[in-house]
Amino acid sequence: MSRRIDSPDTDADREIHTCIAATPPQPFVVRAGAGSGKTTSLIKALDWVMSEHGASMRAKKQKVACITYTDLAANEILADVNDDPLVHVSTIHSFYWSIAKTFQADIKVWLQNDIRRRISELEEAFENYSSRVRQTTRDRNKADQERYGRSLEAVAGVRTFNYGVGSDYAKGILGHEDILQLADFLLQNRPLFRRVVALNYPFVFIDESQDTFPGVVKSFKEVEAQMRGKFCLGFFGDPMQSIFMRGAGDITLEDHWRAITKPENFRCAKQILDVANAVRAQGDGMEQVRGLHERGDGGLKPVEGSARMFVLPNTLNRTEALARVRAWSSATNNDEGWATPDIAVKILVIVHRMAANRLGFGGIYSALNDKTSDAMKQGMQDGTGWPVRPFLNFALPIIAAVNAGNEFAAMNLLREFSPRLAPAALTGQRAVDVLRELHAAVLRLVAMLDEAGTTIGDIALHLCDTGLFEFDVRFARVLGFVRDVADAVQEPEAADAVPAEGLSSDAAMAKFFNCSAQELWPYERYVSEGSPYATQHGVKGAQFERVVVVMDEEESDYRTYNYERVFASAEARAADRARALDGDENTWSRTLRLLYVCCTRAQRGLVLMFFVADPATTLENVVASGILPRSAVFTQEVLAGWP
Ligand SMILES: Nc1ncnc2c1ncn2[C@@H]1O[C@H](COP(=O)(O)OP(=O)(O)OP(=O)(O)O)[C@@H](O)[C@H]1O
């Protein structure tokens, strides 16, 4: 297998090498477009640190830190550098915890102050409640204040703090968000801490820097300012691919830092790259060159590929339109892959709602998506969120095990998740009695899922009341008010609240509990990847042979993204662009970047399906935008006669 590290150096790679080999090493910011092989450059950079500075770093027990966006990316990079112990690859959360965890006394002080801050915020909110605020909201505010008060008391007695999936302060467990706040606080306020970090990690490289939190960039800049000459930062990113609201975007250079541009694109066939460049021309204007090549008889040749748009009336049935476009593309490209069910084509939807409604879990989707925090949306979409884990990790698997007659698997799940089988709980009890009760509870669970009226809340209460499953503190808290579900759903303040801890997640959970339990199976199938759909945000960093991008304002969140703005009249676009250049981030600029990310996922074939109210006008706008030539833009008529 060819290794990334063995691919020829590009000009950008040579510049990175110069920065790393300089005395002292020079911090740098690599700006490189989609498909440019940023990860390859990053791996080469790690290799140069090892070859140029490895001996002295080993002697001083130092490491180079490489911060990635996901654990998956971290593992891939680690494999590429042969798990060299000189390289520490991790997500920002793990890295932050690894540098902060030895500062236990500081952690306690920070946490106590932070809990006090949260209590003050709740007190202030309470004082400012208008007379219209309902009693349940007031009661919950008080309950949250009391809960934090109890946490504060408990934290005083905690000896060791750890990092876990969800926070549980009384047990000394900090959650994801806490780790970020804590380490940023230490990095930005404690010179000694900055010094220790720089001496342990004289090189820190940050991948996907456009999506790194601004606080993280600020923190590392402070380390660099204090330890100049002894600490080298390297950012690898693409401001045009900044698609998460909390991302840092473009990294501003300090005086002595070097800007490096990597203009190649190795991923996209020519027609797709032309579209990507035309999109980007309206953004930062960086033009990418080269495109996908393949080896043929006469050596390496550029791949032409295909890129088309269908401008369709938004009255069409989306599923039928998609099937027709795929059949048409298959025939036109003479490529059966377009019509092959499932995975040969990746369909990118703005939100999962389209897939959710079609597959039968629209209720779960809207409960945990609409007016909820980004973390809750994301956790629902990828199946890692705390509200859905008890069902995905325990309830559904145990039902499946029972239905398949697999008692061994069912027993293993009970051992792993049931608090009643914990050794302490079994003391003084006859195990056989406990098992008999659990068995009956599981059979009831299986029956409940088949009963039409069962809600997700009913399942949750059953799991809780029978001791089948141990809920974490957040879930346990919600179960506390689950019987008031109907009330909470109707409560206007709860439903309309800006996403924040407490109220908005309570309202979302109330809706979630009201959903039919029968939505759980299709939801499970969806998150376990048995689907050709992905969201336009979820495919960051990925590539696929054939991509369909569904641009559909009816499916979208109007405030944040709107493709009609990108393909509006020339005057409207010019006005949005002028505002964006003035620093006013807007729907047009956000959507333009999302479109760039979507288009550049495709290697050989790209189809944009644009559902609009007025296809004729939109078609003219699309052509005027210069993003696709007229010959590549089609309307409903061409699909007539396709199945
Ligand atoms: N130097 C190179 N020569 C040839 N192909 C390369 C080179 N570097 C990367 N590639 C190939 O180009 C494709 C894109 O690489 P990669 O996914 O690392 O890009 P990226 O910059 O991370 O893209 P994105 O920003 O879109 O996630 C991959 O198929 C990779 O194998």
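Atom set for the values below is all heavy atoms of this structure, side chains included, hydrogens, waters and symmetry mates excluded. We count ligands from 1, going down the list as the structure has it; atoms in each ligand are counted the same way.
Side-chain atoms of Arg326 come within 3.5 Å of backbone N or O of Thr340 as a donor-acceptor pair. Tyr596 places a side-chain N or O within 3.5 Å of a backbone atom of Ala34 that can act as its donor or acceptor partner.
In this structure, atom 5 (N) of ligand 1 has a protein heavy-atom contact shorter than 4.0 Å.
Among residues two or more places apart in sequence or in another chain, the ring pair (Phe, Tyr, Trp, His ring centres under 6.0 Å) test is passed with Phe203 by His53. With sequence neighbours left out, the salt bridge (Lys or Arg N to Asp or Glu O under 4.0 Å) criterion links Arg546 to Asp335.
The nearest heavy-atom contact from the protein to atom 3 (N) of ligand 1 is Phe266 CE2, 3.4 Å. Scanning the protein heavy atoms around atom 8 (N) of ligand 1, the nearest turns out to be Thr40 OG1, 3.5 Å. Among protein heavy atoms, the minimum distance from atom 18 (O) of ligand 1 is reached at Gly37 CA, 3.4 Å. Distance from atom 27 (O) of ligand 1 to its nearest protein heavy atom, with residue and atom name: Gly541 CA, 3.2 Å. Scanning all protein heavy atoms for the shortest distance to atom 22 (O) of ligand 1 gives Thr39 OG1, 3.7 Å.
Around the CG atom of Asp584, the shell of radius 6.0 Å holds more than 12 heavy atoms that belong to other residues, nucleotides or ligands.
Polar contact with ligand 1: present for Gln241 (N/O pair, distance under 3.5 Å). Looking at ligand 1, you'll find an N or O of Lys38 within less than 3.5 Å of one of its N or O atoms. Checking only distances, Gly35 does come within under 3.5 Å of ligand 1, N or O to N or O.
Ring centroid separation for the pair Phe361 and Tyr526 comes in under the 6.0 Å cut-off.
Among Phe567, Phe634, Phe310, the single residue meeting the ring pair (Phe, Tyr, Trp, His ring centres under 6.0 Å) criterion with Phe610 is Phe567.
Counting heavy atoms closer than 4.0 Å to ligand 1, residue Ser7 contributes side-chain atoms (C-beta onward) but none from N, CA, C or O. Counting heavy atoms under 4.0 Å from ligand 1, residue Glu264 does not touch it at all.
At least one heavy atom of Ser36 sits less than 4.0 Å from an atom of ligand 1.
Considering each of Arg290, Gln543, Arg267, His293, the one bringing a non-hydrogen atom nearest atom 26 (O) of ligand 1 is Arg267.
Close approach of ligand 1 to Arg601 is summarised as follows: ligand atoms under 4.0 Å from at least one heavy atom of the residue are 26 (O), 27 (O).
Look at Arg593 and Asp284 and you find no salt bridge, because none of the NZ, NE, NH1 or NH2 atoms lies under 4.0 Å from a carboxylate O.
Checking His256 against Glu224 by side-chain atom types alone, a donor-acceptor pair falls below 3.5 Å.
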